Amino acid sequence: MNTPSGQTWTGAWGNPNEGAYNYQGGNFSNQTIRVALKPSLSGSTIRFKFDNSLGTSPLNIGHATVALDSGSLSDTPTGTPTTLDFGGSQTTSIPAGGMVYSDPLAFSVTANQYLLVSYQITNTVPYLVQHSYANGSYEWITATGAGDQTANTTGTPFTATGSDNGNFTDLVTDLDVQSANTPTEAVLGDNLVDPFQPGTTLPNSNGYRLSDSLSAAEPSTAQPYGVVAEGIESNQLMTDNPETYNSVSIGGPAVMSRIDRDILDQPNINTVVVDEGLEDLLAGSSATTLENNGYTALVQQLQGWGINVVLTSLTPCDGFTGDGATPNDPCTTTVDANRTDVNAFLGGMNLGNPWGTPAVYFADFDSAVAVPDTTVNVGEEKLAAGADGGDHANLSLAGFGALANTLLSPQDTWNLNDGNGMTVATDTAATDGVNQVLTPNAINNPNTGNNPLTLNGAATWSTDATRGTVLSLDGTTGYASSANTGVINTTGSYSVSVWAKLNSGFSSTSYYTVVGQRDATGVRCGFYLQYSGAYKGWSLVSPSTDNANAPTYYHAGGNCHCGDLVPPGRHL
C-alpha cells in the first residue's frame with residue numbers, strides 16, 4: 001500500500017484489542033457490526049486495519065463500508081455508505097492470529113467528526129476480539145442472523161430486538177489517513193485502574209482521556225500530528241492478563257508482549273507517550289523490577305526503532321483501598337514508596353534526554369494532579385479533589401485535562417511577580433534550558449517562552465497579602481503588552497488561565513479586561529478574558545466573525561474560577 005510521492009500514512013485513530021470475548025450470550029453469526037470512531041487528523045484517502053491477532057477463529061467478512069456519521073455520535077450515516085475492498089474484493093477472510101488492511105480509499109474525513117465503519121461477519125464464531133473500554137468510539141451490533149446491514153442508512157437494525165451496543169470495539173483497531181508526512185503519536189496507557197472491578201469508581205466509559213485531549217489540541221500546536229490511543233484498561237508493562245472479571249481474564253497482553261503489534265506497526269510512528277506502570281506496582285512489583293525489566297527494556301526497544309519517548313510520572317493512589325478482587329490490590333505505604341522511587345527514576349534522565357536522538361522527554365503527571373496528604377498518610381501524596389474520580393486512583397475528566405496541559409506545556413507563562421523596579425514581566429515558560437522539564441511541545445515550538453511583557457502607563461508592582469508581589473493595573477491607562485501581536489493562534493484551540501483580583505471599589509456594571517490579544521491594527525481582539533458587567537461574572541469573549549466590523553461577540557462562561565484545572569489545549 002504505497003503512498004504517492006511526498007505522502008505517508010499517518011495513524012488517525014486507534015484502540016487495540018485486548019482479548020477474545022462474547023457478551024451477547026450466543027455465537028456470532030451472519031450479523032453486522034457498526035463502529036463509530038473519531039479521527040484525530042483530516043485527510044482525503046483512508047484505510048482501516050481489521051486485527052484478529054488475538055482471535056480464536058477465522059473471521060469471514062462479506063461486506064464492509066464506511067460513511068460519515070450524521071450526528072456527534074449516532075448509528076445513522078449522512079448518506080449511502082461506501083464499500084471497502086480488500087485486495088480488490090468486497091469479501092475477505094482473516095485467519096486467527098492474522099490481520100488485514102482495507103484498500104486505500106478516496107474518502108474525505110475531518111478531524112473530530114465521527115466515521116461509521118460497518119462490516120458483516122458471514123461465518124459462525126464463538127468469540128470476537130475486543131477492546132472493552134474504548135474512547136473516541138462506540139459500537140452497535142445487530143441481532144444474530146440479521147445479515148448484511150453495512151449499507152443501512154436508518155440505524156434501525158442496530159437498535160432492534162437482539163441487538164447490542166456500548167463503549168467497546170471489535171476487530172477494527174486502526175484508521176490511517178494519507179498526509180504530507182505528518183507523524184503519528186501513540187499514547188501507550190489510559191490511566192484506567194481496574195475499572196470493571198467492584199472496588200473502583202467506574203470513570204466515564206467514553207470519557208475524555210489523554211489521547212482525546214491531545215487530538216483536540218492538535219490544531220493549535222506548533223507541528224501537526226495524528227494521535228492513536230494504545231491503552232488497555234488494567235494493563236501492565238510486564239504481566240499478561242493480570243485481572244479477572246466474571247472469571248474472564250482482562251487487562252490484555254502486557255506492553256512488552258504487544259509492542260510490535262500496537263506500537264511498532266503504526267505508520268510513520270514518531271513519538272510514544274508512556275503512561276503505564278501504576279498497575280504493576282499495585283500488583284506487587286518493586287520499583288527496581290519495574291525500572292529494569294519494564295521501562296528500560298521498553299525504551300531500549302523504542303529507541304532502537306528511532307522513536308522518541310515521553311516518560312510520564314505515575315499519579316498518586318493514596319487512599320485507594322483496592323479493586324475488591326482476589327487478590328485485592330490496595331495502595332499501601334510500600335506501593336506509594338515504590339511509586340515515588342519510580343517517578344524519581346523516570347524524571348532523572350536515566351533513560352535518555354530531550355537533546356538525544358531519538359529524544360527521551362519527561363512529563364510530570366504526578367505534580368499536575370497531586371496534593372500532600374496532611375491527615376491520614378502524612379508525608380504521602382494524594383489526588384487533588386478535582387482530579388479524583390472517586391476511588392482515589394482513577395482520574396476525573398478534569399484530571400485528564402491536567403495531564404494534557406502538562407504534556408502540552410504552556411507556550412507562555414508570566415508569573416507577574418518580577419517587582420524591584422522591573423519594567424518587563426518575564427516570560428518564564430520552559431524552553432530548552434538544561435535541567436528543565438521538557439516535552440516535545442516546548443522544544444518544537446519556537447515561540448515558547450519568547451514573549452516578555454512591557455509595562456505601560458499606570459502598571460506598577462505592588463504587594464498582595466495572599467500572593468506577594470503582583471502586577472497592579474489602574475483600569476484606565478495601565479497595561480502590559482507583548483511586541484508580538486500574534487502570541488497565540490486564536491483560530492485554533494487554546495486555553496487561558498489567570499489569577500485576577502478586582503479592587504473592592506469596582507463597579508458591577510462595568511467591564512474589566514484582564515487578558516486579550518489584539519490584531520496587527522491594534523483595534524480588534526481575538527479574545528477578551530474579562531469581568532462582564534452584562535453577565536455579572538467572568539467571561540471569555542471572542543468575535544463572531546473575522547472582519548473589521550464584527551458587531552457580535554460570543555461569550556463563554558458566567559462564573560470563571562481562574563486558576564482551576566483548565567480545559568485541554570494550549571494556554572498562554
Side-chain angles (χ1 to χ4, degrees), residues 364 367-374 381 384-387 398 402 405-406 409-431 433 435-437 442 447-485 487-488 494-518 525 527-533 535-541 557-566 570-572:
D364 195 357
S367 294
V369 295
V371 295
D373 185 340
T374 59
E381 292 178 327
N405 282 338
T406 300
S409 51
Q411 174 184 293
D412 300 288
T413 301
W414 299 281
N415 293 332
L416 302 180
N417 62 356
D418 302 74
N420 296 324
M422 290 287 291
T423 60
V424 171
T426 307
D427 186 348
T428 60
T431 53
N435 298 324
Q436 288 183 324
V437 176
N447 291 323
T448 299
N450 290 327
N451 290 296
L453 303 179
T454 300
L455 273 59
N456 294 273
T460 59
W461 302 108
S462 61
T463 301
D464 179 77
T466 301
R467 306 194 65 84
T469 300
V470 295
L471 179 64
S472 291
L473 307 175
D474 66 348
T476 53
T477 65
Y479 66 97
S481 64
S482 167
N484 181 1
T485 58
V487 175
I488 61 174
Y494 60 91
S495 297
V496 184
S497 178
V498 62
W499 284 98
K501 179 181 179 181
L502 294 175
N503 292 331
S504 58
F506 81 97
S507 171
S508 62
T509 59
S510 296
Y511 294 81
Y512 300 92
T513 297
V514 180
V515 182
Q517 178 168 291
R518 292 181 177 175
C525 271
F527 73 90
Y528 302 93
L529 182 58
Q530 62 180 199
Y531 175 85
S532 168
Y535 289 88
K536 299 296 188 295
W538 293 96
S539 295
L540 180 64
V541 185
N559 290 320
C560 174
H561 301 288
C562 303
D564 289 354
L565 296 173
V566 295
R570 192 176 71 193
H571 50 121
L572 289 174

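Scope of the values below: all heavy atoms of this structure, side chains included, with no hydrogens, waters or symmetry mates. Predicted, not measured: the structure shown is a model, and the values here were computed from it.
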Nearest atoms (heavy-atom pairs only) where [X] meets [Y]:
| X | Y | answer |
| --- | --- | --- |
| Ser532 | Ser539 | CB-OG, 3.8 Å |
| Leu471 | Ala459 | CD1-CB, 4.3 Å |
| Leu455 | Ala425 | CD1-N, 4.0 Å |
| Ala458 | Thr477 | N-OG1, 3.3 Å |

- Query: Asp474: what forms a salt bridge (Lys or Arg N to Asp or Glu O under 4.0 Å) with it, not counting sequence neighbours?
  - Reply: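 Result, salt bridge (Lys or Arg N to Asp or Glu O under 4.0 Å) vs Asp474: none returned.
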- With sequence neighbours left out, which residue pairs that include part of residues 500-515 fulfil the salt bridge (charged side-chain N to carboxylate O under 4.0 Å, His left out) condition?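 Listed once each, the pairs are Asp464-Lys501.
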- Query: Who pairs with Ser504 by side chain to side chain contact (heavy atoms under 4.5 Å, CB included), at least two apart in sequence or on another chain?
  - Reply: none
- Message: Checking Ser482 now: which residues fulfil side chain to side chain contact (heavy atoms under 4.5 Å, CB included) with it, not counting sequence neighbours?
- Response: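 Per chain and number, Ser482 pairs via side chain to side chain contact (heavy atoms under 4.5 Å, CB included) with Asn451, Leu453, Asn484, Val487.
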Residues 415-424, side-chain donor-acceptor partners within the protein, below 3.5 Å, at least two apart:
residue	atom	partner	partner atom	Å
Asp418	OD2	Thr426	N	3.2
Asp418	OD2	Thr426	OG1	2.8

What residues, two or more places apart in sequence or in another chain, satisfy side chain to side chain donor-acceptor pair (under 3.5 Å) together with [X]?
| X | value |
| --- | --- |
| Ser367 | Asp364 |
| Ser508 | none |
| Ser462 | Ser472 |
| Thr460 | none |

- How far does CG of Leu529 sit from CH2 of Trp538, to the nearest 0.5 angstrom?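 That separation rounds to 7.0 Å.
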- Query: Say you draw a straight line from OG1 of Thr448 to CG of Asp427; how long is it, rounded to the nearest 0.5 Å?
  - Reply: 8.5 Å
- Query: Under the ring pair (Phe, Tyr, Trp, His ring centres under 6.0 Å) test, which residues partner Tyr531, sequence neighbours left out?
  - Reply: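 For Tyr531, the residues satisfying ring pair (Phe, Tyr, Trp, His ring centres under 6.0 Å) (neighbours in sequence not counted) are Phe506.
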- Donor-acceptor contact below 3.5 Å, side chain Thr413 vs main chain Thr428: no
